[in-house]
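For reference, the structure discussed in these notes is given below.
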Amino acid sequence: MAIQKKHGKGRLDKWYKLAKEKGYRARAAFKLIQLNKKYGFLEKSKVLLDLCAAPGSWCQVAAETMPVNSLIIGVDLSPIKAIPKVITFQSDITTEKCRATIRGHLKTWKADTVLHDGAPNVGTAWVQDSFNQAELTLQAMRLATDFLIEGGTFVTKVFRSKDYNSLLWVFNQLFTKVEATKPPSSRNVSAEIFVVCRGFKAPKRIDPRLLDPRTVFAELADPAPNNEAKVYNPEIKKRKRGGYEEDEMLQFKELPASEFINTTDPIAILGQYNKLTLDGAANGDVALAALNKLPETTDDIRLCCQDLKVLGRKEFKMLLKWRLRVREIFGFPSKKTAKQSLIEEAEEVATMEPMDEELKIQEELQALKDKESSKKKRERRRANEQKQKEIVRMQLNMTAPMDIGMEEAGPMGEGAMFALKTLDQSSAVKRIAKGKMALIKEDEAKKDHDSGLGSSGETDSESDEEEDRLERELDGMYDQYKTRKGERDAKYRAKRLREEKEDGEWEGVSADEKGVSDDEVLEEDSDDDEEEDEEELAQKALIRDLDAAPAADGLSKRATRFFQQDIFKDVAALLDDDEEAEEDSEEKAEAAQEDEVDVMDVDDEVEDIPAPKAVKQKKQKAPVAEPEDSDDDDFEIVKSDRKDEVEDDDESDWEDEHKRRKDPRPEIDIITAEAMTLAHELATGKKSSHDLIDDGFNKHALKDRDGLPDWFIEDESKHDRPQRPITKAAARAIQEKTRAYNARPIKKVREAKARKKFHAAQRLEKLKKKSDMLANEEGMTEKEKASSISKLMAKASKAKPRKPLRVVVAKGVNRGKSGRPNGVKGRYKMVDPRMRKDMRAMKRTAAKSKKR
Ligand SMILES: C[S@@+](CC[C@H](N)C(=O)[O-])C[C@H]1O[C@@H](n2cnc3c(N)ncnc32)[C@H](O)[C@@H]1O
């Protein structure tokens, strides 16, 4: 790669300048320097292979850092200008010829380190390019496996694309330690990341599929859509850029319930309106009056109509069922009646058809059925084949069960190998739990299953089917309803988002519903199946919905898998540390409370901080060791650990504050616009705590300034922190807060005022006591008592004469003294001799002129 003049995108940055200053051929040199600083592989290597080495800056760094007499070989498609102590040649690393040339150079040696910084011509087609890069990386890996020594290191550039995880997986199969890092010199705008693979396992035989891009990067078919998930995570719709319809400006929308009965799209109504009115008889709406009088219009229904925005799944279904019943009563055509009439029609027609015609129809029907079943078979076979492939990939650890849609069905899903659900339904699980074998006859299981909805003991499969269908339809409608509701209601959207982020469960069922017995639950709602009593749950310990159960740390299964990747190992350790520290601090706080030490609330300390200048951005958890790049932490929380400062503060203030705050948790004060923005994003669900953790991993995490010139470090420290976005509102809020802080008097003034107040209160108390004593004095007349009390009051209200001001001349021992002059008590003023002389002279002349 020839050196290009780099303009635009701030390419001529400090790293570029530094590279020039140090004589490196490319700024990329610093990436290797920083990687080596962190992992120290160059010093330990005697043989190094640099794949895609042009213009050769990595080779330069290697030659500088590796021990003398090391063997360094650099290869690239482009010519590389000669570098002392480095063998270079021009070749395509994906070819056999290149392999042979390297072998020729290495002879019997093996490489301790293989570097790869390859980048195919990166153009505008990002998807294509990133794939080529991933493919090139895999090719480099292949070459590396041929030449690397056991325990050797492979360092490669990878682009964060959809193939990234697949590549990491491959690396993990071949190396004991794989870590991804982004050195500070790597541009923020670049999607590149460097993976350092250490401890090459040097397997005797490597499955060729492991290094075959077609297998490694094979696309997965889209899993079947999980409609159920949509209930819990309604899609976020785009804003209406074209403006809003007129009635959409209304906050509260009502509709006569009769329209809800009439409509063909009841979900739309439930999603758009806030209330269904039932009392419109005065307006002459006869249908509404009739509806109002129907026994089907129960109090529950009326209650549901009052506020459509708070409907849970149960209420939602109740309203729709009510609508269907009313429609039946009013004689609206329903699906049932339509089907009935169709059957009748068909029967009528059938009686009119001659016999041979009937046979013909039957034949046609049979042919259609056959065609249908063969089509289904074909589809099933194809799906099976697909699944088989996925399973092979899964066995190779290249994919997780969730990626091939197994998650959707789960171990209890349809077609599961061990039909635990069936076992569950036939209550055989209880027997198995007791350690006995249980065999379930298929039809028995089916029977049990069939009786699921008909609580009344109905075994009529047709009516069950009908009920199932209705339930399914209602569920589907509920999905739609939620989506529409979400579209209209920003608060609801935020709530959903929060729930989604926390992978929380849907909480549409009220607590008292949970107390309903199983039979009732089945009658009410099939979804309420989950509501088992504890005992039964314990018995069903055999059957667990792995997908539904959140991980111990509250992460979803998918998230847990993601964080199980090796690159998060350190993070986990860090987090653990944090947690431990948190626990520590909590324990300490508790202990402190127990000892009844004056532990102040954070609030108090914050109250005490006079001006923002004094507000230091400190971590909340004081005992936690500061992370390496603590100055990168923009979101910082202030926690009181300066007890002494607080102790000085106004006592009554403290007590008030203490009473106000019952929550023992430390209060967080937000003092920067960045933190305020972040807090707002967290509160509105735009960001989750996972995002925060993610944000913490950036190129600034690695700071290595050894051996860099001062001007560089100075410049670096100005800009080497992530720029977090701030909103106008957040900036304004912080400004107001700052103004409020500034408006408060300084601590000394407040203390003096408080002292004054305290003394006045003490005086008043004394006065009260004295006047009480006087009032109770038996030997005094009322008049005497009154006069002595008024004398007391007059004495107390009389201001004490101020001691005269003493003027001290700053001479002798007092010359240049800044504090109280020696031997002077009370009020004083220091003056210099010249000033006193001048004053006296002025007085004299004034007196003289008066005399005249
Ligand atoms: C970012 S540059 C490498 C910079 C180098 N590490 C340094 O420090 O100077 C990427 C190089 O990959 C090379 N490259 C891309 N595809 C290649 C291939 N198939 N075989 C060999 N080199 C390739 C390009 O010619 C280009 O010079």
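Numbering of ligands and ligand atoms starts at 1, following listing order. All figures in this text were calculated on a predicted structure; none of them were measured in a lab. What's counted below: heavy atoms across the whole structure, side chains too, no hydrogens, waters or symmetry copies.
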Legend entry - For Cys59 against Gly74, the heavy-atom pair lying closest together: SG-CA, 4.1 Å
Inset, instruction - Check the side chains of Glu681 and Thr677 for a donor-acceptor pair under 3.5 angstrom, ignoring hydrogens and angles. - result: no
Inset, instruction - Would you mind telling me if ligand 1 is within reach of the side chain of Lys157, the backbone, both or neither, using heavy atoms under 4.0 Å? - result: side chain
Legend entry - For Ala54, atoms of ligand 1 separated by under 4.0 Å from a heavy atom: 2 (S), 3 (C), 4 (C), 5 (C), 7 (C), 9 (O), 27 (O)
Legend entry - Polar proximity ligand 1 side, Val75 side, N/O cut 3.5 Å exclusive: no
Legend entry - Residue of the set Leu18, Ile33, Leu32 for which side chain to side chain contact (heavy atoms under 4.5 Å, CB included) holds with Tyr24: Ile33
Inset, instruction - Indicate the ring-plane relationship of Phe154 and His116, choosing parallel, tilted or perpendicular according to the 30° and 60° boundaries. - result: parallel
Legend entry - Polar contact flag for Trp58 and ligand 1 (N/O pairs, less than 3.5 Å): yes
Legend entry - Numbered atoms of ligand 1 (with element) below 4.0 Å of Asp117, judged on heavy atoms: 1 (C), 2 (S), 3 (C), 4 (C), 5 (C), 6 (N), 10 (C)
Legend entry - Test of proximity, Asp76 against ligand 1: N or O pairs below 3.5 Å: yes
Legend entry - Minimum-distance pair of heavy atoms, taken over all atoms of Ile670 and Ile734: O-CD1, 3.7 Å
Inset, instruction - Please lay out, stage by stage, how Phe712 and Trp15 fare under the test ring pair (Phe, Tyr, Trp, His ring centres under 6.0 Å). - result: CA-CA 9 Å; Phe712 179 79; Trp15 297 106; 4.9 Å; yes
Inset, instruction - Below 4.0 angstrom from a heavy atom of Gly118, which ligand 1 atoms are there? Numbered from 1 as shown, please. - result: 12 (O)
Legend entry - Shortest reach to atom 16 (N) of ligand 1 by a heavy atom, considering only Leu115, Ile93, Leu136: Leu136
Legend entry - Ligand-side contact atoms (ligand 1) for residue partner Asp92, heavy atom cut-off under 4.0 Å: 18 (C), 19 (N), 20 (N)
Legend entry - Sub-4.0 Å atoms of ligand 1 with respect to non-hydrogen atoms of Ala53: 5 (C), 7 (C), 9 (O)
Legend entry - Residue portion contacting ligand 1 (non-hydrogen atoms closer than 4.0 Å) for Ser91: backbone
Inset, instruction - Answer whether the closest heavy-atom distance between the side chains of Pro183 and Phe194 falls below 4.5 Å. - result: yes
Inset, instruction - Verify whether one side chain among Ser186 and Glu192 offers a donor that lies under 3.5 Å from an acceptor in the other. - result: yes
Legend entry - Contact partition for Ala29 relative to ligand 1, non-hydrogen atoms under 4.0 Å: neither
Inset, instruction - Begin with the C-alpha distance, continue with both residues' side-chain angles, and end with the deciding distance and a verdict on salt bridge (charged side-chain N to carboxylate O under 4.0 Å, His left out) for Lys46 and Asp112. - result: CA-CA 6 Å; Lys46 286 282 284 173; Asp112 299 300; over 6 Å; no
Inset, instruction - Just jot down the ligand 1 atoms closer than 4.0 angstrom to any heavy atom of Ser78, in number order. - result: 25 (O)
